[in-house]
Amino acid sequence: MPTILDGASIAAAIKREVADEVKVLAARGVRPGLAAVLVGSVAASEIYVRNKVQACAELGLYSDLITPEPTVTTEEMLELVDGLNRRDEVDGILIQLPLPAQVDAKRLLDAIDPAKDVDGFHPVNAGRLQAGRPALAPCTPAGVIEILERSGIPMAGAHAVVVGRSDIVGKPAAMLLLHQNATVTICHSKTRNLAEITRQADILVAAIGRPGFITAEMVKPGATLIDVGINRLNTREEFDRFFKGNAKREAAFEKRGSVIVGDIDPRAFEIAGAYTPVPGGVGLLTIAMLMANTVRAAKMRRGL
Ligand SMILES: NC(=O)c1ccc[n+]([C@@H]2O[C@H](COP(=O)([O-])OP(=O)(O)OC[C@H]3O[C@@H](n4cnc5c(N)ncnc54)[C@H](OP(=O)(O)O)[C@@H]3O)[C@@H](O)[C@H]2O)c1
């Protein structure tokens with residue numbers, strides 16, 4: 001039977017450690033703080049930001065939720081970021097994506113002080129990560145490493161195949177695995193013979209954004225499967241493709257009208273050595289890592 005890498009318990013352990021660190025910092029008069037900027041009313045973004053602000057409260061961090069008008073301009077957003085860069089009680093700045101079309105997201109993310117870039121998206125942090133210098137690493141890939149490390153999955157010498165090369169998941173995940181001494185292959189939409197490569201993976205990280213794209217035939221039996229994908233299945237046809245006859249999922253689909261599937265076909269999990277479920281895997285680590293990054297930023301900025 002494959003081992004289920006339970007994101008909930010790992011995220012809870014990280015949050016406990018963060019809360020302990022917050023207490024230690026409080027004794028030194030430091031309270032790490034996060035400013036979250038949410039523009040517009042994308043339902044998923046509202047939920048994500050609410051959860052992030054709530055996590056701050058739970059762990060003892062200061063937080064400030066800023067909600068500019070949906071008509072806000074790039075210039076106004078740049079001014080806002082400039083103000084946050086200057087505020088001493090703000091250690092982390094999070095700009096929830098996506099932003100409205102009129103806002104130049106790249107310019108904005110580049111304007112965040114790299115020392116407060118807790119999402120780890122700033123080119124300076126990407127460069128530091130690559131150069132093996134202290135950096136704020138993007139939360140989701142950092143969570144992937146935490147899952148592997150805390151589950152005792154050996155990374156050194158393992159062949160890690162990362163499918164996906166986005167700046168926020170695939171590339172940093174590959175870099176972090178490399179720093180753990182894995183032998184890393186990065187695949188993408190132009191990769192030839194993808195299945196041949198994925199079948200060589202001891203650790204397979206899927207960050208593609210396509211439901212159940214990695215099938216059982218693409219997986220080496222006994223491999224560790226890390227599924228970063230979050231894809232919503234809204235139709236009966238899509239549901240049946242992956243979950244026909246699955247009573248638990250059926251109940252969820254009936255109740256909500258949709259279910260979530262990752263980038264790995266759930267049938268591939270059956271031949272894995274270990275895997276992260278979706279939901280309940282990597283996704284749960286992201287907020288925990290954001291909290292950890294905010295505390296880290298608070299310490300780094302003060303030389304602690
Ligand atoms: N908190 C979380 O758990 C979390 C956070 C972020 C993202 N996600 C999820 O992770 C997934 C990936 O997110 P992302 O932001 O990295 O997506 P993205 O920016 O769309 O990148 C997708 C990557 O997959 C590659 N790809 C697409 N089709 C492919 C194919 N047929 N064969 C091989 N590679 C292919 C693309 O290759 P090219 O570069 O060649 O186009 C690209 O590099 C999504 O499901 C997203 O929802 C989860």
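All residue numbers refer to positions in the sequence shown, counting from 1. What you see below is based on every heavy atom in this structure, not just the backbone, and it leaves out hydrogens, waters and symmetry mates. Indexing begins at 1, ligand by ligand and atom by atom, following the structure's order.
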Strictly by ring-ring contact (aromatic ring centres under 6.0 Å, His included), give each pair with a member in residues 219-241 just once, sequence neighbours left out.
F239-F243, F239-F253
Sequence neighbours excluded, the answer for side chain to side chain contact (heavy atoms under 4.5 Å, CB included) partners of D82 is R86
One thing to verify: whether [Y] and [X] come together as a salt bridge, which I'm taking to mean a side-chain N less than 4.0 angstrom from a carboxylate O.
X: K244; Y: E238; result: no
X: D91; Y: R301; result: yes
X: E21; Y: K299; result: yes
X: E254; Y: R249; result: no
X: D265; Y: R241; result: no

Nearest non-hydrogen protein atom, [atom]:
atom: atom 48 (C) of ligand 1; answer: V228 O, 3.2 Å
atom: atom 19 (O) of ligand 1; answer: S166 CB, 3.3 Å
atom: atom 39 (O) of ligand 1; answer: R165 NE, 2.7 Å
atom: atom 25 (C) of ligand 1; answer: G164 CA, 4.1 Å

Do T235 and E237 meet the criterion of a side-chain donor-acceptor pair at a distance under 3.5 Å?
no
Decide whether the shortest distance between a heavy atom of I230 and an atom of ligand 1 is less than 4.0 Å.
yes
Tell me, please: is G170 in heavy-atom contact with ligand 1, that is, under 4.0 Å?
no
Give the numbers and elements of all ligand 1 atoms closer than 4.0 Å to a heavy atom of [X].
X: N231; answer: 45 (O)
X: T286; answer: 1 (N), 2 (C), 3 (O)
X: F213; answer: 30 (C), 31 (N), 32 (N)
X: G283; answer: 3 (O)
X: V169; answer: 6 (C), 7 (C), 16 (O)
X: I168; answer: 15 (O)
X: R210; answer: 28 (N), 31 (N)

Is the contact between I208 and ligand 1 made by the side chain, the backbone, both, or neither, using heavy atoms and a 4.0 Å cut-off?
both
Heavy-atom distances under 4.0 Å decide this one: backbone, side chain, both or neither, for L285 against ligand 1?
neither
Atom CZ of residue position R133 - does it have more than 12 heavy atoms of other residues, nucleotides or ligands inside 6.0 Å?
no
Nearest 0.5 Å please: distance from the CG atom of L176 over to the CD atom of Q130.
12.0 Å
Would you say ligand 1 has an N or O under 3.5 Å from any N or O of K190?
no
